[in-house]
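To start, the structure under review is shown below, and the notes come after it.
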There are 2 protein chains.
Amino acid sequence: MLSIAEENYLKAIYKILEKTGSKEASTKLIAQEMGTSSASVTDMIRKLNEKELLNYEKYYGVSFTKEGLKYSLDLIRKHRLWEYFLHTQLQFSWDKIHEIAEQLEHVKSEELIDRLDQFLDYPKYDPHGDPIPNKNGSFTFRTQFILGNLTEKNKEFIVLGVRSHDSEFLQYLDSLVIQPGRRLKILEYNAFDQSHLLQNEDHKILSISNKISNEILVKEL
Amino acid sequence: MLSIAEENYLKAIYKILEKTGSKEASTKLIAQEMGTSSASVTDMIRKLNEKELLNYEKYYGVSFTKEGLKYSLDLIRKHRLWEYFLHTQLQFSWDKIHEIAEQLEHVKSEELIDRLDQFLDYPKYDPHGDPIPNKNGSFTFRTQFILGNLTEKNKEFIVLGVRSHDSEFLQYLDSLVIQPGRRLKILEYNAFDQSHLLQNEDHKILSISNKISNEILVKEL
DNA sequence: AAATTATTTTAGATTTGCCTAAATTTTGCT
DNA sequence: AGCAAAATTTAGGCAAATCTAAAATAATTT
Ligand SMILES: [Mn+2]
Ligand SMILES: [Mn+2]
Ligand SMILES: [Mn+2]
Ligand SMILES: [Mn+2]
C-alpha cells in the first residue's frame, strides 16, 4: 500500500509519459507536474525505485516497472470511475468532478472499485471522454478526430471528449451545449484563421476559434 | 481544513463522550481509542485547542468547543452517509462498510456530501441503525428498546439497529436474518440465563444468549 | 497527611514529505 | 575538445505525527 504522496507521483509520471509519448520521465518534468522541487522528486523516485515501481538510473530519469504501470492504471481507473459516478449519479457538472476524484481515487479498497464499476454498468469512458481502464488495465480504443482538423462543410459529428480539462474551458463548452454525446454540424470553415462556424444540437450558430476546436474530440455521424 | 489525523482525534473524542456520557475526555481514553501513546495525545489536543476545536486544561482532559462539536458531527454525518451508500447502492454487507467509510469520510467537499445526501434521499439512519446528523448537525431520535430487556412472550418487534459493530457479530446476525427492518417474535424468555427463543422472518427458531440480545435494538410491532 | 499509584506532560528521537543551497553530472554549444 | 548552461543529486533543515523514557502532577489509599 502506497501513501497518497507516492500515488500522486505515480500519476504524475504516468501523465508525463502519456503526454510526451516517451518511455522515461525526467526529474524536472515530474517536479513541474507535482509543483515541488527537483530535490523532493529525487527523494521520492529513489523510494519508488526501492519499492520496485520505477526503474531509476541516476541522472537519467525514470520509467515504470510492470507493477508500477499496473498501479498507475489502477489509479487512473479509480479516478475516472469516480468522475463518472459524480457526473452521472450526483449530477456534478464536468468541471467540478476532477478535484473531488483526486481525493476519492486514494481510497483503498479493491472491492469498492469493483462494485462501483458494476453499479455504473462498466463505463468505458469518463465524462471528459477519456477511456477508463478495466480491471486488467486495458483501455477500449475508438477512432476520434480533433474538430480543429475537420473542414468539410455540412458534415455532422458527435462530440466524444475534450483534450483540455481546464475548468473555465469546460464551463464555456457547457454554455455552447458542446458536451460528449452532443451533435455538431460544420456550417463553415474559414481557412484564414482556422475558425469554424458550427450549429449545435439546439440549432444555435456558434463561431469557434481553432484554440477551442483543437481541444474537442469528435466522431463522424 | 484539518488533517486526517486531526479529524480522527475529533471522532475518537466524540465517541468517548457519547459512550461515557461525560463532558470531558481524558488523555488516557483518547490514547486507548486511537491506539496511540498518551504523549501523542497531549501533542494533538494542544494543537486542536490552539485551533479552538477543543477546550483543554492541562491535566484535566478536553471538551468540545462549539466549532469542534460541529466539525465532529459533520464527520459522523459523512461516515454514516457513506455507509448508507455502500450498503444500499453498492450492496456491501453491513460488516464491510465501516472500514471503507473510515476513508471516505475524510474526503473534503461540502457539495459532495450534500449531493450524496440528496441522491440517497436524506436517510435518517445508517445500516447499523445509528442516526445520521443532518446538515445542521441535528439527529432524528426514535424510541427503541434493547431486545435483551424484553421478555413478553409472543410479542413481535422490528429490528432497528445494533449496539456493537463488531464484524463477526454482524455476520452472525446476517446468518440469523436479524437485520434492521426485519421482524422478530419472542417465543420464550428464560429468566435463569436470560436467553431468548425467537422466530425470525423466515420462520426459523433461534436461541439467543443475552450477550447477543443486549446488542440488538428493536421497536414494537 | 503521607505515601503510593495512576495519569499526564515533557524531553528527545524517528519517519515522511517537503524545502533551499551547494555540489555534481550531463547536455549543448562554440 | 572545452566551456557554459541546464539538470540532477546531495547536504542540511523543517513540520507533522508518531514513539519511548523520564519528570511532573493528580488521585487514591493507608
Ligand atoms: Mn480528472
Ligand atoms: Mn476525466
Ligand atoms: Mn461505522
Ligand atoms: Mn454505522
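Taking 4.0 Å as the cut-off between side-chain N and carboxylate O, A:Lys70 and A:Asp74 count as a salt-bridged pair. Using a cutoff of 4.0 Å between basic side-chain nitrogens and carboxylate oxygens, A:Arg77 and A:Asp114 are scored as salt-bridged. Using a cutoff of 4.0 Å between basic side-chain nitrogens and carboxylate oxygens, A:Lys11 and A:Glu102 are scored as salt-bridged.
Summarising the geometry, the separation between CD on B:Gln32 and P on C:dT8 is reported as 10 Å, rounded to the nearest angstrom. Nucleotide C:dC18 holds its C1' atom 14 Å from the CD atom of A:Glu6, rounded to whole Å. Computed from coordinates, the B:Leu2 CG to D:dA16 P distance equals 13 Å when rounded to whole Å. Whole-Å rounding puts the A:Met34 CE to C:dC19 P distance at 9 Å. Taking atom CG on B:Leu29 and atom C1' on C:dA6, their separation rounds to 13 Å, with Å as the unit. We find that NZ of A:Lys51 is positioned 12 Å from C1' of C:dT15, with the value rounded to whole Å. For the pair B:Ile30 CD1 and C:dT7 C1', the computed distance is 13 Å after rounding to whole Å. Rounded to a whole Å, the CE atom of A:Met44 is 16 Å from the C1' atom of D:dT9.
Ring planes of B:Trp94 and B:His128: parallel class, angle under 30° (limits at 30 and 60°).
The backbone N or O of B:Lys108 lies less than 3.5 Å from a partner atom in the side chain of A:Gln103, making a donor-acceptor pair.
Of the residues in residues 7-23 of chain B, those lying under 4.0 Å from DNA chain D by heavy-atom distance are B:Tyr9.
The 12-atom threshold is not exceeded at CD of B:Glu52, counting heavy atoms of other residues, nucleotides or ligands nearer than 6.0 Å. No more than 12 heavy-atom neighbours from other residues, nucleotides or ligands sit within 6.0 angstrom of NZ on A:Lys219.
Ring centroids of B:His196 and B:Tyr189 are separated by less than 6.0 Å, placing the two rings close together.
Of the side-chain N and O atoms in A:Ser37, one or more sit less than 4.0 angstrom from OP1 or OP2 of C:dC19. OP1 and OP2 of D:dT18 both lie 4.0 Å or more from every side-chain N or O belonging to B:Thr36.
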Let's go through B:Asp174 and B:Gln179 carefully: what are the C-alpha distance in whole Å and the side-chain angles of both, what is the deciding distance for side chain to side chain contact (heavy atoms under 4.5 Å, CB included) to 0.1 Å, and is it a yes or a no? CA-CA 7 Å; B:Asp174 268 342; B:Gln179 296 148 333; 2.6 Å; yes
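A pairwise comparison of heavy atoms in A:Gly161 and A:Pro180 identifies CA-CG, 4.3 Å as the closest pair.
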Determine which bases of DNA chain D form Watson-Crick or G-U wobble pairs with both distances under 3.5 Å, and write the result as a 5' to 3' dot-bracket string with | for other-strand partners. ||||||||||||||||||||||||||||||
Output one line per pair: protein atom, nucleotide atom from nucleotides 9-14 of chain C, and distance, for all N/O pairs under 3.5 Å.
from	atom 1	to	atom 2	distance (Å)
C:dT9	OP1	B:Tyr56	OH	2.3
C:dT9	OP1	B:Tyr59	N	2.9
C:dT9	OP2	B:Thr27	OG1	3.2
C:dT9	OP2	B:Thr42	OG1	2.8
C:dT10	OP1	B:Lys58	NZ	2.8
C:dT10	OP2	B:Arg46	NH2	2.2

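Side-chain contact of B:Tyr71 with B:Glu7: a donor-acceptor pair under 3.5 Å is present, judged by distance alone.
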